[in-house]
Undergrad: 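First the structure, which I've put down as structure tokens, then a few questions once you've had a look.
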Amino acid sequence: MANQEQVLIVGGGVIGLLTAFNLASAGRSVLLLDRSGLGQEASWAGGGIVSPLYPWRYSPAVTALAHWSQDFYPRLAEQLFATTGVDPQVHTTGLYWLDLEDEAEALAWAERENRPLRAVNLSAVQEAVPVLGEGFARAIYMENVANVRNPRLIKALRTALEALPNVAIMEHCEVSGFVLEGQRIVGVQTSIGEVRAYQVVLTAGAWSGELLKTVGLELPVEPVKGQMILYKCEADFLPSMVLAKGRYAIPRRDGHILVGSTLEHEGFDKTPTLSALESLKASAVELIPALAHAEVVGHWAGLRPGSPEGIPYIGQVPGIEGLWLNCGHYRNGLVLAPASCQLFADLLLGREPLIDPAPYAPAGRI
Ligand SMILES: Cc1cc2nc3c(=O)[nH]c(=O)nc-3n(C[C@H](O)[C@H](O)[C@H](O)COP(=O)(O)OP(=O)(O)OC[C@H]3O[C@@H](n4cnc5c(N)ncnc54)[C@H](O)[C@@H]3O)c2cc1C
């Protein structure tokens, strides 16, 4: 017999972990299942920029989640560091966009949204970022953009959950389908048998659409492969994040520099390729010529949970009582996680929602 109050969460990436943390912190009993180890998929592979790459190109639905989350990130990191001893390292470096085609739109958006994004002349950029390559003509800069060291965020969330008495975690437990009685969910089928629960949350990232197919629903969430490379330099080598022609460099506090990323539609294959390695190295050297002499110390791929316009699905599945979604965060799952998971908890717990939940509701979209 299932505990009527227990919430079962399928998938332990950043979205599942933070969903679990918010629900458990509000007193609910939580069971979190993952088919591999926690946080080893997109949430580990991502770059951790705490902003959409081109925030002005997104709908107000994405912007609303991003703004709330960006303001909340430093507090979240401090809280996790204080309670777990693991520092997610929110590193506020600012971000330079170079030679953008839609610079005018970006500046108009910043004015409208009251964000500190401004045009800067190239000599000022060269002074602030001496390692930047030659040949760029224009730049805009937003000073308060941070990046989070996402593998550490995952570790901190895991440690925080393990300390809570009302949370159980089962790794290497794959969910293959849902158990229904009429139009109500009563559990999930897993690699170790049936697990009963009356509230089930799907936070399975790029795999969420596949799982929902098992109950005959078409959720347009599909994998979008992204490859990334890593360098190790001196701690203050690159003082800011820089982005040109769709490729970016992200400095971590200790001098690691991530350069990403590719956008590939290759199904669920996440094998790193030589062609992407060469292409990312070329972009890295164009942005920062000195990287030609640095060694690539890491190269990996992850699968983003792609969704139409990158608007996540947050809320209850229409027609199946007790089945909930928090998935489809595409390129922005790390930045959108705090607001998405707070909004999700508001909805499941029947609290006043943090922002208007309508744009994210699964009803009418699946
Ligand atoms: C190269 C790259 C760069 C990125 N850069 C950024 C960035 O700079 N900023 C940003 O905000 N976002 C970025 N992203 C996007 C971000 O990483 C994702 O949007 C986010 O991590 C999605 O989190 P998630 O928890 O939904 O999915 P995931 O982290 O993929 O987690 C899903 C979990 O579900 C589990 N699972 C799947 N199927 C099952 C099953 N059947 N049973 C049980 N468990 C299951 C998986 O094992 C996994 O642990 C990037 C992504 C990539 C790949």
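These values consider heavy atoms only, across backbone and side chains, with no hydrogens, waters or symmetry-generated copies.
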Undergrad: Considering all heavy atoms of both residues, which atom of Asp99 and which atom of Ala137 are nearest to each other, and what is their separation?
TA: OD1-N, 2.8 Å
Undergrad: I'd like to know if Asp87 and Lys155 make a salt bridge, using a cut-off of under 4.0 Å between side-chain N and carboxylate O.
TA: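 Not counted as a salt bridge, because no side-chain N and carboxylate O are separated by less than 4.0 Å.
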Undergrad: For Glu162, does the CD atom have more than 12 heavy-atom neighbours from other residues, nucleotides or ligands under 6.0 Å away?
TA: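 For Glu162, atom CD is crowded (more than 12 foreign heavy atoms under 6.0 Å).
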Undergrad: Any side-chain to backbone donor/acceptor pair from Ser43 onto Val14? Under 3.5 Å, distance only.
TA: yes
Undergrad: Do the side chains of Glu234 and Arg253 get close enough for a salt bridge, i.e. N-O under 4.0 angstrom?
TA: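 Salt bridge: no.
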Undergrad: Whether Glu218 and Lys213 form a salt bridge (side-chain N of Lys/Arg under 4.0 Å from carboxylate O of Asp/Glu) is what I want to check.
TA: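 Looking at Lys213 and Glu218, the cut-off is not met.
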Undergrad: Quick one: do Glu5 and Arg28 make a salt bridge, cutoff under 4.0 Å?
TA: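 Salt bridge present between Glu5 and Arg28.
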Undergrad: Is a salt bridge present between Lys270 and Glu41, judged by a nitrogen-to-oxygen distance below 4.0 Å?
TA: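 Result for this pair is yes, salt bridge flagged.
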Undergrad: Compute both the distance and the angle, then confirm whether Arg57 meets the cation-pi test with Tyr54: under 6.0 Å from the six-membered ring centre, within 45 degrees of the axis.
TA: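 Arg57 over Tyr54 ring: yes.
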Undergrad: Just checking Glu278: does its CD atom have more than 12 heavy atoms from other residues, nucleotides or ligands closer to it than 6.0 angstrom?
TA: yes
Undergrad: Just checking, Arg35 and Trp207: is the charged tip under 6.0 Å from the six-membered ring centre and within 45° of the axis?
TA: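 That pair qualifies as a cation-pi contact.
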Undergrad: Could you walk me through whether Asn326 and Thr19 pass side-chain hydrogen bond (donor to acceptor under 3.5 Å, both in side chains), step by step?
TA: CA-CA 8 Å; Asn326 193 1; Thr19 298; 3.2 Å; yes
Undergrad: Establish, yes or no, whether the cationic atom of Arg184 lies under 6.0 Å from the six-membered ring centre of Tyr198 and within 45° of the ring axis.
TA: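 No - Arg184 does not lie over the ring of Tyr198 by the 6.0 Å and 45° rule.
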Undergrad: Would a distance-only check, ignoring hydrogens and angles, find a side-chain to backbone donor-acceptor pair under 3.5 Å from Thr84 to Ala160?
TA: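 Not at all, since once roles are kept as given, no pair shorter than 3.5 Å links the two residues.
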Undergrad: Under the 3.5 angstrom rule, does the side chain of Trp300 hit a backbone N or O of Ala45 as a donor-acceptor pair?
TA: yes
Undergrad: Looking at Glu111, I'd like to know if its CD atom is crowded, meaning that more than 12 non-hydrogen atoms belonging to other residues, nucleotides or ligands lie closer than 6.0 Å.
TA: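 At most 12 heavy atoms, drawn from other residues, nucleotides or ligands, come within 6.0 Å of this atom.
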Undergrad: side-chain hydrogen bond (donor to acceptor under 3.5 Å, both in side chains) for Ser261 and Tyr248? Distances and angles first, verdict last.
TA: CA-CA 7 Å; Ser261 59; Tyr248 50 79; 3.2 Å; yes
Undergrad: For His91, which of Asn147, Val50, Val148 qualifies under side chain to side chain contact (heavy atoms under 4.5 Å, CB included)?
TA: Asn147
